[in-house]
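Report on the following structure.
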Amino acid sequence: MQSFTAQIIYRIECEGLPTDQYEEQWRLVYADSMEHALTEAKAAGSREETTFIDRHGRTMCWRMLAVKDLQPIELKNGGLLFSMVREAEMVAAPLWAV
């Protein structure tokens, strides 16, 4: 069995209507191949879909939208689980700066 990280995206719905909110989750799956890992990631994502009533009495739903990324990883001490490079956007004329 090999280890994989799966990036799963959920759409958040309120009263059956899509909102501008999405949830991103990173999950660990074990599988024999990339295809099997995708199947496991989809299953894990589907199990986490939920519907509940929020504090305002609205029906909220988390619907799995996609498995956005799937990468093999090596589980060992110091092993890399996730990495991201961000590019800073320069502000031409800030209104306030530290």
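Considering all non-hydrogen atoms of both residues, A37 and A31 come closest at N-CB, 3.3 Å.
Cluster partners of L17, using a side-chain heavy-atom cutoff of under 4.5 Å among ILVMFWY residues and allowing indirect links: none.
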Would you tabulate the side-chain donor-acceptor contacts of residues 49-61 under 3.5 Å, counting partners in other chains and residues two or more places apart, or write 'none'?
from: E49; atom 1: OE2; to: M64; atom 2: N; distance (Å): 2.7
from: D54; atom 1: OD1; to: H56; atom 2: N; distance (Å): 2.9
from: D54; atom 1: OD1; to: G57; atom 2: N; distance (Å): 3.1
from: D54; atom 1: OD1; to: R58; atom 2: N; distance (Å): 2.9
from: D54; atom 1: OD2; to: R58; atom 2: NE; distance (Å): 2.8
from: D54; atom 1: OD2; to: R58; atom 2: NH2; distance (Å): 2.7

Return all side-chain donor-acceptor pairs below 3.5 angstrom for residues 65-77, not counting sequence neighbours, or 'none' if the list is empty.
from: D69; atom 1: OD1; to: Q71; atom 2: NE2; distance (Å): 3.0

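Taking T19 as the reference, I12, C14, Q21 meet the side chain to side chain contact (heavy atoms under 4.5 Å, CB included) condition, with sequence neighbours excluded.
Pairs engaging residues 5-32 under the salt bridge (Lys or Arg N to Asp or Glu O under 4.0 Å) rule: R11-E13, E13-R63, R27-E48 [sequence neighbours left out].
Two residues are said to be in side-chain contact when any heavy atoms from C-beta on lie closer than 4.5 Å; M34 and F4 meet this criterion.
The backbone N or O of G45 sits less than 3.5 Å from a side-chain atom of Y10, completing a donor-acceptor pair.
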